[in-house]
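Below, chain A is the first sequence line, B the second, and so on; all start at residue 1.
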Amino acid sequence: SAVISQKPSRDICQRGTSLTIQCQVDSQVTMMFWYRQQPGQSLTLIATANQGSEATYESGFVIDKFPISRPNLTFSTLTVSNMSPEDSSIYLCSVEDQGAGENNEQFFGPGTRLTVL
Amino acid sequence: LAKTTQPISMDSYEGQEVNITCSHNNIATNDYITWYQQFPSQGPRFIIQGYKTKVTNEVASLFIPADRKSSTLSLPRVSLSDTAVYYCLVGTGANNLFFGTGTRLTVIP
């Protein structure tokens, strides 16, 4: 099973600025994922990040707003650009790995709580 | 992608067995059913996964009928610490990424 850490754990930012969130995994993984979870809501997939290729974004999310880097098999960053209060959310990264089940499962980081003023 | 439907919320008293049912009428042949638990201010964590019939681990049981169009997560003798949101996901690999609304379970003393 994979262990994931995220930095920062939380931040308060001014509108119009950008924040880069880091995700570190303790093992090499092919696929990493970024989610957003707004207060009281479920998780929404932002994008899938594979090492060595451009991230694949889900409907409603674009690279200019959420640029993603994946420089190696253990690390990824998500940048929230030109922030507005509507971007206030928890941002989580996850990886897919073999766990206790027959099929792969996701392992999640602790999340980054972002508040935009 | 198979869409899942779960009750929005459930309440249960401590010590009771809780069953949370998830409907997934469009489940594909290769899809697995995976349940996650999420506590406040934490990322979701894996509870149990199954393909058919019954799966049991130290935390929960998962019942899947023959047609696989639904599944039931069973939590035996819940405690206050089981208060969380429970998500049912259906898919295979990269298709197992989409979370539904989840079920908010509140355990009452």
State, without any angle test, whether A:T77 and A:S69 hold a side-chain donor-acceptor pair at a distance under 3.5 Å. yes

Please check if the number of heavy atoms outside B:E17 that lie under 6.0 Å from its CD is greater than 12. yes

So for A:Q6, is it side chain, backbone, both, or neither that comes closer than 4.5 Å to the heavy atoms of chain B? neither

Counting only non-hydrogen atoms closer than 4.5 Å, does A:L43 touch chain B with its backbone (N, CA, C, O), its side chain (CB onward), both, or neither? both

Are A:S42 and B:T101 linked by a side-chain donor-acceptor pair shorter than 3.5 Å? no

A:Q24 and A:T74 side chains, donor-acceptor separation under 3.5 Å: yes

B:Y87/A:F108 aromatic ring centres below 6.0 Å: no

Checking heavy-atom separations under 4.5 Å from chain A, one finds in residues 35-42 of chain B B:Y36, B:Q38, B:S41, B:Q42

Side chains of B:S79 and B:S81: donor-acceptor distance under 3.5 Å anywhere? yes

Who else is in A:F66's hydrophobic cluster (ILVMFWY, side-chain heavy atoms under 4.5 Å, direct or via others)? A:L19, A:I21, A:W34, A:I46, A:Y57, A:F61, A:I63, A:I68, A:L78, A:V80, A:M83, A:Y91, A:L114, A:V116

